[in-house]
Amino acid sequence: MTSSNNLKIPLYAKGFKYFKSAVKYAKDVCEGKIIVSESPRLECKRFLTELELQKDKNYPYYFDKVAGEKICSFLETLQHVKGKWARGDIQSRYLHLEPWQCFICVNIFGWKKRIDDLRRYMLAYLELPRKQGKSFFSAGFGLYMFAVDGEAGAEVYCGATSLDQAMHVFKPASLMVERNEFFKKKYKVNVKKEFMDLPDGSIFKPIVGSAHDGSSPHCAILDEVHEHPNDELFQSQITGLGSRDQPLVLLITTAGKNIESFCKEQHDYVFKNQQTELKNQDLTTFGMIYTIDKDDDPFTLEALKKANPNFGVSCKEDYLLRQLDIAKRSPKDRADYLTKNLNVWLNAKSAFFDMQQWNECADETLNIDDFVNDDLFIAFDLSAKYDMTTIVLNFVRKINGYKHSFVFIYAYLPTDTIEDVTNFNYKLYQKYVQIQSHNCPYGTLLTPIAGSEVDTDYLYEELVMIIKKFKRVKEIIYDPWRTPSVMNKLAKNFGFLRDRIVEMTQNTKNLNAGMKEMQSAIVSKRIHHDGNPILAWHVSNVISKEDNKGNDFPTKANKNAKIDGAVCTIMTQNRVELYSPTHSLTDRILNRVAIGSI
C-alpha cells in the first residue's frame with residue numbers, strides 16, 4: 001500500500017489546498033454553516049467519518065491526498081469555453097474550483113483500495129440543477145481519464161440519447177484542448193470534429209445508443225441521464241469495464257419527469273445507499289444530489305440557495321428569483337422550475353397531480369381487510385389486448401365531518417405482455433409481478449393472467465369476489481366500452497346492484513369534476529392509499545387536456561405511460577363527491593372501530 005505520506009509530494013500538491021478546501025466544506029455542511037439537502041449532507045458526513053476510519057490499517061480504504069490534488073490542479077489548467085469567463089481577461093478564463101467542486105473531485109479520485117492502491121469508486125452519480133457547471137465535470141473528467149490518468153489505450157465515451165446532446169460534452173472538451181497548447185503538445189492530442197485520439201491508441205468520442213461490441217471504456221460519461229429511455233447505454237458501458245483496472249462511469253443529470261425511469265432508479269439507489277448504515281453501504285458508488293428537502297417551501301430564496309451549490313457564481317440570484325416569480329404566477333411553468341432550478345423529481349411534462357402531495361397521503365399500514373364494512377365505490381378499466389386491466393376500490397369514511405377516501409388498486413396483466421422483452425415497460429412489469437402486497441388479491445402488486453388478454457369472464461369473477469367480500473358496495477362505475485355484458489350479468493345475478501351500476505363514458509363532461517375533486521382531496525389529505533407503486537405510477541402520468549372553458553380531461557404524454565388506475569380513481573371520486581353517507585347507528589359504531597385500527 002502506498003500513500004501520500006510515503007511519496008515525495010509533487011509541486012501541484014504542496015499544501016494540499018484542495019483537500020483542505022474539501023474538508024472545510026464537509027465540516028461546514030455537517031455543522032450547518034452551509035445549508036444543503038440530505039444527500040450532500042450524508043456524503044459529507046461519510047467523508048469525515050472515513051477520514052478517521054482510514055487511520056486503522058485494517059480499514060479497506062485510504063485517502064490519497066496527492067491523487068485528490070492531481071485531478072483538481074489539472075482541472076484548473078483548463079479554460080472556460082463559453083459565457084462571460086471565456087470572454088474575460090486571461091486569468092479569469094481558467095476554471096476555478098469552488099469548495100463543493102473540490103469535495104466531489106477529491107472524493108472520486110482520492111479514495112483508494114488498500115489491497116491494490118487502485119481507485120475505489122467505479123460509479124459517480126451527480127444530480128444538479130441547471131447552470132451549476134455540469135459540463136465542467138463532464139469535459140474535465142473526460143480529458144483527465146483520456147490523457148492524464150496514465151491508462152494506455154484509454155477509451156473515453158460521452159454518451160447521450162442524441163448526437164447533439166453527446167456533443168454537449170465532447171465539444172467543450174475539444175475546445176479546452178485547443179486552448180491549452182501545453183496539454184495538447186505534451187500528450188500529442190489529435191483533435192478531430194467528432195473524436196480525439198493519442199499516439200498510444202487512446203480515444204475520446206461521443207456515442208449515441210449502445211457502444212459497439214468490443215469497446216472497453218476506461219471512462220464513460222452519460223449526460224442528462226433523465227432523458228435516457230432505458231438503461232441500455234449504461235449497461236453497454238458497464239459490461240465493458242472488466243479489462244480496466246480503475247474505470248469510472250459518470251452519470252450526470254438534472255432531475256427529470258419520469259419517476260419510473262432508469263435515471264430515477266439510479267437516484268433512488270444512490271440516496272437509499274447514503275441513508276444506509278456505513279457498514280452496509282455500497283462503498284464503490286459516490287453520489288451528490290443537490291436539491292431541496294421534502295418539507296421545504298420551494299418558492300423561497302432559501303430553497304434556491306440550498307439546491308444550487310453555485311448560487312451567486314455561475315447561477316445568479318436575480319436569474320433564479322425571476323424563475324421563482326414566473327413559477328409562482330404561472331402553474332404551467334411550475335414543473336420546469338422545480339426540475340430545472342430546484343432539481344426536484346416530478347412525472348409527466350405537465351403533471352396534473354402533485355406527486356409529493358400524493359406521496360404524503362400514503363399510509364403503508366393500511367389493510368384492505370379493515371374496510372369490509374365501509375361504503376365502497378368500485379371503478380374498473382378492462383384493457384385492450386395485451387394491456388393492463390385495473391379495478392379501483394374507493395372506501396368512504398366520514399371523519400370530523402368530512403368524507404375521506406381510502407383507495408386500493410387491483411392490477412392484472414397478460415403473461416404475453418409480462419414476458420415480452422420488447423415492451424417498453426418490460427422491466428417495470430417484471431418488478432411489479434414479484435413485489436409482495438397483502439392488499440392485492442393474489443399477493444403481488446401485479447396479477448399475471450395467462451395468455452394475451454384479460455377477458456370479460458375473468459373480470460366478472462373478480463368483481464363477484466369483491467362484492468361478496470365487501471358488504472357495502474354503493475356503486476360500480478364503468479366505461480361502457482367492452483363491458484355491457486359484464487354489468488348485465490352482475491345486475492341479473494345480484495339484484496341489489498341494479499340501481500347501483502353507473503355508466504360513465506370517458507369524456508370531459510364526466511371526468512372533469514372527478515379530476516378536480518381528486519386534486520382537492522390530495523391537497524387536503526382527504527384521500528389515503530397504501531403507497532401502491534402501480535397506482536402512484538398511473539397517477540404521476542396524468543396530464544390534463546384542457547378545453548377553452550378550463551375543463552380538464554385526463555390523458556398521458558405518450559403511449560407507454562399508463563393512467564388506467566388513475567382514471568378509475570377519478571371516476572370513483574366523481575361519484576364520492578355527490579354521495580352523502582347515511583350510516584345507521586351500527587354502521588357508525590363499526591366505522592369508529594375501523595378508524596381506530598388505522
Which donor-acceptor pairs under 3.5 Å do the side chains of residues 29-40 make with protein atoms, sequence neighbours left out?
unit_1, atom_1, unit_2, atom_2, d
Glu31, OE1, Lys33, NZ, 3.3
Ser37, OG, Ile289, O, 3.4
Ser37, OG, Thr291, N, 3.4
Ser37, OG, Thr291, O, 3.3
Glu38, OE2, Gln275, NE2, 3.4
Ser39, OG, Gln274, OE1, 2.8
Ser39, OG, Gln274, NE2, 3.2
Ser39, OG, Ile289, N, 3.1

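For residues 296-315, the set of pairs meeting the ring pair (Phe, Tyr, Trp, His ring centres under 6.0 Å) definition, not counting sequence neighbours, comprises Phe299-Tyr337.
Taking the six-membered ring for Trp and the full ring otherwise, His226 and Trp345 have centroids separated by 6.0 Å or more. Aromatic ring centres of Phe395 and Phe470: separated by under 6.0 Å.
Counted by atom type alone, Asp282 and Thr285 present one or more donor-acceptor pairs between their side chains at under 3.5 Å. For the residue pair Asn310 / Ser314, a side-chain donor-acceptor distance below 3.5 Å is found, with atom types taken as modelled.
A donor-acceptor distance shorter than 3.5 angstrom exists from the side chain of Asn574 to the backbone of Asn510, with no hydrogens or angles considered. No donor-acceptor distance shorter than 3.5 angstrom exists from the side chain of Gln132 to the backbone of Pro129, with no hydrogens or angles considered. Judged by distance alone, the side chain of Arg397 and the main-chain N or O of Ser405 form no donor-acceptor pair under 3.5 Å.
Remark: Tyr478 pairs with no residue by the ring-ring contact (aromatic ring centres under 6.0 Å, His included) rule, at least two apart or across chains. Qualifying ring-ring contact (aromatic ring centres under 6.0 Å, His included) partners for Phe380, counting only residues two or more places apart in sequence or in other chains: none. Remark: His528 pairs with His404, Phe406 by the ring-ring contact (aromatic ring centres under 6.0 Å, His included) rule, at least two apart or across chains. In this structure Trp100 satisfies the ring-ring contact (aromatic ring centres under 6.0 Å, His included) test together with Phe137, Tyr290, sequence neighbours excluded.
Side-chain contact check for Leu278 versus Arg46: some heavy-atom pair is nearer than 4.5 Å. Residues Tyr432 and Asn425 form no side-chain contact, since every pair of their non-hydrogen atoms from C-beta on lies 4.5 Å or further apart.
The 12-atom threshold is exceeded at OH of Tyr442, counting heavy atoms of other residues, nucleotides or ligands nearer than 6.0 Å.
Because its NZ or CZ atom is not both nearer than 6.0 Å to the ring centre of Tyr579 and within 45° of the ring axis, Lys403 does not count as a cation-pi partner of that residue.
The pair Lys257-Asp336 counts as a salt bridge, with a side-chain nitrogen and a carboxylate oxygen less than 4.0 angstrom apart. Using a 4.0 Å cut-off between a side-chain N of Lys or Arg and a carboxylate O of Asp or Glu, Lys134 and Asp223 do not qualify as a salt bridge.
Taking CG of Leu48 as the reference point, atom NZ of Lys45 lies at 10.5 Å (rounded to 0.5 Å).
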* To do: Given ring-ring contact (aromatic ring centres under 6.0 Å, His included), test Phe408 with Phe371 step by step and report yes or no.
  => CA-CA 11 Å; Phe408 300 87; Phe371 293 84; 5.6 Å; yes
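The aromatic rings of Tyr410 and Tyr412 sit perpendicular, their planes meeting at an angle over 60°, well past the 30° parallel limit.
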